[in-house]
Amino acid sequence: EGYVIENYQGSRLPIQNVVVNDANGGTNRFVRNTLSSANGTYIKGNLTINTGGEFRWVAAATGDNSIGGNLTNNGTMTSLTEVGFGVPNDASSLYVPSTSQTISGAGIFRNDLVSSTAPYINVIANNSGGTINFSGSTNLSSSGNITVATNTTVNSTNTNLTGTTSQAVALTAASSSLNVTNFTLNNSAGSILSGSGFVNVTGTATVSAGLLTAGGRLVLKSTMSGTARIAAVAGTLTGNVTTETFIPDGRRAYRFLGHPFSTALSMASLTDDIFVTGDGTTAGTGGVTPGAGLDATTTNTASSFWFDQTTNGWKAFMTAADASWTQYVGTRILVRGDRSQADALTGVAYTPNAVTLDMTGAVNSGNQNIAVSNAGNFHLVSNPYPSPVNIGTVVDATANIGTTYWVWDANAVTRGAYVPLTVGSGAYNLAMNGAFFVQPTVGTTLAFTEANKTASATANLFRTQTAQNQLELQVNY
């Protein structure tokens with residue numbers, strides 16, 4: 001076995017640093033055999049596993065086997081038990097982890113000696129005020145449970161849940177963060193996200209198998225670099241998810257916004273991020289007092305609208321609680337920058353700040369059939385999914401949809417412009433939280449499936465980009 005430590009007593013074994021080197025003619029193993037459920041090992045410093053070496057935790061000492069410094073593995077890390085990063089559950093003043101821990105190396109991370117299914121079984125991240133970084137090809141993936149403690153931030157490129165029993169991801173407090181590029185559930189027994197913190201995804205969330213109960217803990221982040229999405233769902237997704245839409249600085253303009261949720265939203269979903277104005281009427285032309293919950297200006301002219309296909313015209317949101325933003329419905333929202341800029345409401349010249357819009361709800365998944373019922377009238381339709389979607393293919397396959405459909409490019413000319421697209425012209429990938437106009441000749445149905453999701457959008461309709469060869473057409477409603 002190489003170097004074996006066994007402790008029969010109900011006390012913890014603290015070690016400062018551990019280095020496992022290569023052995024002549026074989027593998028040099030450092031085996032920590034935990035023979036009592038209360039006597040785990042705490043490595044106060046760094047664990048370094050060099051090529052040819054193996055570090056092995058054998059028996060389960062619940063929450064007690066922890067590393068307080070960096071883990072560098074260029075050999076083999078075998079975790080047949082729970083692994084902690086930071087401090088043990090019964091942390092005392094003697095256990096002070098590094099404020100920034102890094103897990104790295106090109107070695108093997110496994111949770112079984114014969115048929116490993118993940119780098120770890122159960123993982124506890126407990127580093128108050130600190131950050132735990134899984135670097136490079138190392139990832140926080142497990143076949144068991146993941147717990148992120150209070151004031152702890154974990155960063156990982158990929159987090160994969162690949163167990164055979166239900167897996168819990170516990171974000172203990174609002175200050176508990178698991179930040180990942182990609183998050184994947186591939187476990188037919190499912191996973192439940194719980195707590196007050198968040199799993200923040202910057203790339204792709206994937207439900208390959210099983211039921212993911214999001215519990216309001218899953219956030220699809222959006223920045224200047226890009227926006228996260230949920231890929232085609234092969235399992236089941238329930239519970240609330242938060243989506244974000246990044247709007248860059250420098251342009252005060254209307255954006256056509258949709259949402260991917262199965263229930264209606266109101267302007268209250270946006271008033272924490274941007275100013276929304278209105279006079280309490282659907283005309284929205286201005287009045288003495290603002291609508292309830294909306295921001296006041298000298299005119300109280302409306303800045304948020306939904307399109308009524310039955311009357312073929314815009315209607316203003318009357319109050320912050322007005323829930324006319326129903327499933328599959330697009331809106332027209334004036335984005336003035338963030339709420340820190342009072343000049344956005346006074347008419348004083350200013351440059352709008354960048355702002356990130358966040359909305360929360362139970363996302364649509366599976367087939368989505370959207371009725372566009374009023375012949376000859378316009379319908380402003382939301383992208384139904386939390387992902388870019390190939391609306392071009394769906395429109396092309398829809399009977400009686402007319403000859404043209406339209407998206408709104410907020411970057412065109414000075415205030416934005418409609419972009420006409422020809423029915424039959426093929427793929428057009430609309431961004432998540434985007435919306436588009438169609439004009440059916442006869443009432444018909446747009447039939448979306450998970451297969452219509454795409455990895456990226458055709459055009460950056462929300463972000464700043466150079467506009468060339470544009471004809472400016474102003475349309476007053």
Side-chain angles (χ1 to χ4, degrees), residues 57 60 62-63 65 71 77-85 103 108-112 115-126 132-149 152-172 176-221 228-242 362-363 365 386-387 450 453:
W57 263 319
T62 304
N65 289 326
L71 166 57
M77 172 71 176
T78 305
S79 305
L80 306 182
T81 180
E82 196 161 68
V83 176
F85 296 98
I103 293 81
I108 298 169
F109 293 81
R110 62 182 184 176
N111 65 355
D112 190 271
S115 56
S116 178
T117 58
Y120 309 101
I121 299 176
N122 298 321
V123 178
I124 292 180
N126 185 11
I132 301 167
N133 300 301
F134 288 77
S135 176
S137 60
T138 66
N139 294 295
L140 176 57
S141 296
S142 93
S143 61
N145 301 326
I146 297 174
T147 301
V148 182
T152 300
T153 298
V154 179
N155 299 316
S156 178
T157 300
N158 298 304
T159 290
N160 301 318
L161 305 179
T162 57
T164 55
T165 59
S166 180
Q167 295 180 256
V169 179
L171 297 311
T172 307
S176 307
S177 298
L178 173 55
N179 303 322
V180 300
T181 304
N182 302 307
F183 181 88
T184 300
L185 171 63
N186 190 13
N187 176 357
S188 59
S191 176
I192 298 174
L193 310 187
S194 65
S196 302
F198 297 97
V199 176
N200 298 305
V201 180
T202 57
T204 303
T206 303
V207 183
S208 298
L211 168 62
L212 176 61
T213 304
R217 303 300 99 206
L218 182 64
V219 180
L220 305 179
K221 303 294 290 183
R229 71 186 188 104
I230 296 176
V233 175
T236 307
L237 176 60
T238 64
N240 284 351
V241 173
T242 297
V363 297
S365 62
S387 169
E450 292 279 343
K453 291 180 176 179

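Quick note: residue numbers are just sequence positions, from 1.
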Nearest heavy-atom pair of Ser176 and Val148: which atoms, and what distance?
OG-O, 3.2 Å
Residues that Val83 engages under side-chain contact (heavy atoms from CB on, under 4.5 Å), provided they are two or more places apart
Trp57, Ser79, Phe85, Tyr120
Of the non-hydrogen atoms in Ser141 and Asn160, which two are nearest, and what is the gap between them?
OG-N, 2.9 Å
May I ask you to test the Asn139-Ser156 pair for a side-chain heavy-atom distance under 4.5 Å?
yes
Under 3.5 Å donor-acceptor, Thr242 side chain and Val219 backbone:
no
Output for pair (Lys453 NZ, Ser365 OG), nearest 0.5 Å, gives 7.0 Å
Please evaluate residues Arg229 and Ser387 with respect to the criterion side chain to side chain donor-acceptor pair (under 3.5 Å), reporting the C-alpha separation (whole Å), side-chain torsions for both, the decisive distance (0.1 Å), and the verdict.
CA-CA 5 Å; Arg229 71 186 188 104; Ser387 169; 3.3 Å; yes
As a quick check of understanding, evaluate side chain to side chain contact (heavy atoms under 4.5 Å, CB included) for Thr184 and Asn158, giving each step before the final call.
CA-CA 8 Å; Thr184 300; Asn158 298 304; over 6 Å; no
Return the CG to OG1 distance between Asn182 and Thr159, rounded to the nearest 0.5 Å.
9.0 Å
Straight-line distance of Leu185 CG to Leu211 CG, nearest 0.5 Å:
8.0 Å
Report yes or no: does Gln167 contribute a side-chain atom to a donor-acceptor pair with the main-chain N or O of Asn145 at less than 3.5 Å?
no
Side-chain touch Leu161/Ile146, heavy atoms, less than 4.5 angstrom
yes
Between Ile124 and Glu82, is any pair of side-chain heavy atoms under 4.5 Å apart?
yes
Measuring from atom CG of Asn111 to atom CG of Leu80, what distance do you get when rounded to the nearest 0.5 angstrom?
8.0 Å
Do Val199 and Phe183 come within less than 4.5 Å of each other through their side chains, counting heavy atoms only?
yes
Identify the residue among Val169, Val241, Thr213 that makes a side-chain contact (heavy atoms from CB on, under 4.5 Å) with Leu193.
Val169
Does a side-chain heavy-atom distance below 4.5 Å link Asn187 with Thr162?
no
Pairs satisfying side-chain hydrogen bond (donor to acceptor under 3.5 Å, both in side chains), at least one member in residues 188-210, at least two apart:
Asn179-Asn200
Atom CG of Leu218 and atom CG of Leu237: how far apart are they, to the nearest 0.5 Å?
7.5 Å
If you compare all heavy atoms of Ala118 against all heavy atoms of Ser143, which two are closest, and at what distance to 0.1 Å?
CB-N, 3.7 Å
In Å, rounded to the nearest 0.5 Å, how long is the span from NZ of Lys221 to OG1 of Thr181?
13.5 Å
Under a 3.5 Å distance rule, please check whether Arg110 uses its side chain to pair with a backbone N or O of Met77 as donor and acceptor.
no
Hey, does Asp112 have a side-chain heavy atom less than 4.5 Å from the side chain of Thr117?
no
Verify side chain to side chain contact (heavy atoms under 4.5 Å, CB included) between Thr172 and Thr147, making sure each step is shown before the conclusion.
CA-CA 7 Å; Thr172 307; Thr147 301; 3.9 Å; yes
For Thr157 and Thr138, run side chain to side chain contact (heavy atoms under 4.5 Å, CB included): C-alpha distance rounded to whole Å, both residues' side-chain angles, the deciding distance at 0.1 Å, then the answer.
CA-CA 8 Å; Thr157 300; Thr138 66; over 6 Å; no
I'd like to check Leu140 versus Leu178 (side-chain heavy atoms, cut-off strictly below 4.5 Å). Are they in contact?
yes
